A.B. asks: 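I'd like to ask you about the structure that follows.
Here the structure is a predicted model, which means the values were calculated and not measured.
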Amino acid sequence: MKQIERVKEWGGWLERYEHRSSSCDCDMTFSIFLPPQAETAPVPALYFLSGLTCTDDNVRTKAGAQRYAAEHGVALVMPDTSPRGDGVADEPERYDLGHGAGFYVNATEAPWAPHFSMYDYVTSELVSLVESTFPVQAGNKSVTGHSMGGHGALVCALRNSGAYKSASAFAPIANPVECGWGEGCFGAYLGADRASWESYDATCLIRAGAQAPPLLVDQGLDDEFLADQLLPQNLVDACAANGVVLEYREQAGYDHSYHFISTFIGDHIAWHARHLKS
C-alpha cells in the first residue's frame, strides 16, 4: 500500500492510499480521515460509498464531513466507485456503466467479471485492510452513501446482518431493478436473469425478509432523479410492510448534489456516532 497524500485538517489527518486489490485485480485508491481521537485510541469507522461518476475525491472535498467526524471521533473511509486503469473494461461514451459506475455488485458477465467485484471490495477486502492498518476498532463500523452509493450502503448492510451498526443514505437508488440506471448496469454486470438482480436491491431484500440495522434516508424533493431513478417510496413501503424501522426524511428544495449532502452530513455522522458508541 502506497500513501499518495496526507493533509492535516480539523485536528486529524486526511490520507489517501493506492493499493493492489485482489478482489478487483487492479490498483485501487481510497481515502481515510483519522480524527484526532485516533492518536490515543482506536476509533469506530464510517464508510462512505459515492455515486455515479465520482471517486473518493468528491466526498472528501465537497461534503464537509471531516469536521463532524473529528467532532464525534469517527474515522471516515472513502473508497472509489469502481475499478479503473488499463485493461479494466469500460464504456467511455456512458457515464452510468464502467469506470465510475461499479454499482457495488460482483459482476458475473464478460467483460466485467474479471475486475468489477466492488461488493467484495467494500464489504471484505477494504475492511480487512483498514482494520489491520489503521487505529480503528475491529468490527465497529457503519456505512452511508449517496445515490448509487446510497444503494450500495443499504445493500451492504442488508446482506450482512450484524456487520454494520447502522446504515444511512442520501438520495439512494432505492429499487434499482425498477429503474433505468439499475437495469442498464445490472443487465450488463449480472446478466439477463432479473431474479439474480434482486440480491443487490435494497427494496427487494427487505421484501424478502432481510434483517436491517437502524436505517436513515434523506431525500431532496427537488432532486431531478427522484421520480424516474430513485424510487424511495418503494423502499418506504417495503419497510412498513415488513416491520423494518426506517427514518425517512424528505427535504424540500434540495437537489441531488453535494450541496444537499453537505447540509445534512453532520446529522448523519452524529446519528451513526450514537449507534457506533452505544
Side-chain angles (χ1 to χ4, degrees), residues 44-51 74 103-106 118-119 122-124 127 139-179 181-183 185-186 190 194-221 223 225-251 254 256 260-261 264-265 267-278:
L46 175 62
Y47 289 74
F48 187 102
L49 307 184
S50 292
V74 174
F103 242 89
Y104 305 102
V105 304
N106 288 339
M118 287 298 295
Y119 174 79
V122 298
T123 60
S124 180
V127 172
N140 194 18
K141 62 185 184 294
S142 291
V143 63
T144 186
H146 170 229
S147 192
M148 179 185 72
H151 138 79
L154 296 174
V155 166
C156 289
L158 291 167
R159 285 174 57 120
N160 294 275
S161 179
Y164 298 89
K165 297 295 181 64
S166 52
S168 73
F170 299 86
I173 304 173
N175 194 187
V177 302
E178 299 295 341
C179 76
W181 280 341
E183 289 178 339
C185 284
F186 284 6
L190 303 175
R194 294 179 67 95
S196 70
W197 302 0
E198 295 182 1
S199 64
Y200 291 107
D201 182 304
T203 298
C204 294
L205 287 167
I206 289 171
R207 288 172 180 162
Q211 298 298 303
L215 301 177
L216 169 65
V217 171
D218 269 308
Q219 176 61 60
L221 293 183
D223 191 317
F225 304 112
L226 174 57
D228 297 332
Q229 301 286 6
L230 305 182
L231 309 179
Q233 193 60 48
N234 294 358
L235 177 68
V236 172
D237 293 344
C239 288
N242 289 274
V244 172
V245 177
L246 164 66
E247 183 178 354
Y248 175 68
R249 312 190 308 187
E250 295 182 331
Q251 307 294 356
Y254 287 92
H256 198 70
F260 163 58
I261 297 170
F264 300 103
I265 191 69
D267 289 355
H268 281 239
I269 292 176
W271 181 83
H272 284 293
R274 290 195 296 273
H275 292 290
L276 288 163
K277 298 177 180 181
S278 64

A.B. asks: Taking all atoms of both residues into account, what is the closest heavy-atom pair of His268 and Ala169, and its distance?
C.D. replies: CE1-O, 3.7 Å
A.B. asks: Can you tell me how far apart CG (Asp228) and CH2 (Trp181) are? Round to the nearest 0.5 Å.
C.D. replies: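 Asp228 atom CG to Trp181 atom CH2 measures 9.5 Å (nearest 0.5 Å).
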A.B. asks: Is there a donor-acceptor contact under 3.5 Å from the side chain of Asn242 to the main chain of Ala208?
C.D. replies: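 Pair absent, no side-chain N/O of Asn242 close to backbone of Ala208.
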A.B. asks: Any chance CD of Gln211 has more than 12 other-residue heavy atoms, nucleotides or ligands included, within less than 6.0 Å?
C.D. replies: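 It does not: Gln211 CD has 12 such atoms or fewer within range.
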A.B. asks: Please name the pair of heavy atoms, one in Val244 and one in Ala210, separated by the smallest distance, quoted to 0.1 Å.
C.D. replies: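 That closest heavy-atom pairing would be CG2-O, 4.5 Å.
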A.B. asks: Return the minimal non-hydrogen interatomic distance between Asn106 and Met118, and the atom names on each side.
C.D. replies: OD1-N, 3.9 Å
A.B. asks: Please check if the distance between the ring centroids of Phe103 and Phe186 is under 6.0 Å.
C.D. replies: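 Yes, ring centres under 6.0 Å apart.
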A.B. asks: To the nearest 0.5 angstrom, please state how far the CD1 atom of Ile261 sits from the OG atom of Ser50.
C.D. replies: 7.5 Å
A.B. asks: Hey, could you give me the CG/OH distance between Leu49 and Tyr104, rounded to the nearest 0.5 Å?
C.D. replies: 4.5 Å
A.B. asks: Tell me, please, which residues at least two apart from Ser166 pass side chain to side chain donor-acceptor pair (under 3.5 Å).
C.D. replies: Ser142, His272
A.B. asks: Judged by atom type as modelled, is there a donor-acceptor pair below 3.5 Å linking the side chain of Gln251 to the main-chain atoms of Asp218?
C.D. replies: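 Flag not set: sc Gln251 to bb Asp218 has no pair under 3.5 Å.
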A.B. asks: If we check side-chain contact (heavy atoms from CB on, under 4.5 Å) with Lys141, which of these qualifies: Val74, Leu46, Val127?
C.D. replies: Val127
A.B. asks: Checking Ile173 against Ser147 for the side-chain contact (heavy atoms from CB on, under 4.5 Å) test, could you report, in this order, the C-alpha distance in whole Å, the side-chain angles of both residues, the deciding distance, and whether it holds?
C.D. replies: CA-CA 5 Å; Ile173 304 173; Ser147 192; 4.2 Å; yes
A.B. asks: Does the Ser168 side chain pair with the main chain of Thr144, one donor and one acceptor, at a distance under 3.5 Å?
C.D. replies: no
A.B. asks: Just by modelled atom types, is the Ala153 backbone N or O under 3.5 Å from a matching donor or acceptor in the Tyr47 side chain?
C.D. replies: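 Side chain of Tyr47 to backbone of Ala153, a donor-acceptor pair under 3.5 Å: no, none is there.
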A.B. asks: How far apart are the closest heavy atoms of Ala174 and Pro176, and which atoms are they?
C.D. replies: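 Scanning both residues, the minimum pair turns out to be C-CD, 3.6 Å.
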A.B. asks: Run Leu235 and Leu215 through side-chain contact (heavy atoms from CB on, under 4.5 Å) and show every step you take.
C.D. replies: CA-CA 11 Å; Leu235 177 68; Leu215 301 177; 5.9 Å; no
A.B. asks: Can you measure from CD1 (Ile206) to SG (Cys239) and round to the nearest 0.5 angstrom?
C.D. replies: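 If we round to the nearest 0.5 Å, Ile206:CD1 and Cys239:SG are 3.5 Å apart.
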A.B. asks: Main chain of Glu178, side chain of Asn175: is a donor-acceptor contact present, judged purely on distance under 3.5 Å?
C.D. replies: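 No; zero donor-acceptor contacts below 3.5 Å.
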A.B. asks: Check the angle between the aromatic planes of Phe170 and Phe48 and answer parallel, tilted or perpendicular using the 30° and 60° thresholds.
C.D. replies: tilted
A.B. asks: Which distance, rounded to the nearest 0.5 Å, do you find between the CG of Leu226 and the CD of Glu250?
C.D. replies: 8.0 Å
A.B. asks: Is a donor on one side and an acceptor on the other found under 3.5 Å between the side chain of His146 and the backbone of His256?
C.D. replies: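 Looks like yes, one N/O pair under 3.5 Å.
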A.B. asks: Would you check if Trp271 and Pro214 make a side-chain contact, meaning some heavy-atom pair closer than 4.5 Å?
C.D. replies: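 SC-SC contact between Trp271 and Pro214 confirmed.
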A.B. asks: Out of curiosity, Arg194 CZ to Asp201 CG, how far, rounded to the nearest 0.5 Å?
C.D. replies: 10.0 Å
A.B. asks: Could you report the tightest heavy-atom contact between Pro172 and Val217, atom names first, then the distance?
C.D. replies: CD-CG1, 3.7 Å
A.B. asks: So Cys156 and Val122, do their side chains get closer than 4.5 Å, heavy atoms only?
C.D. replies: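 Result yes, sub-4.5 Å side-chain heavy-atom pair found.
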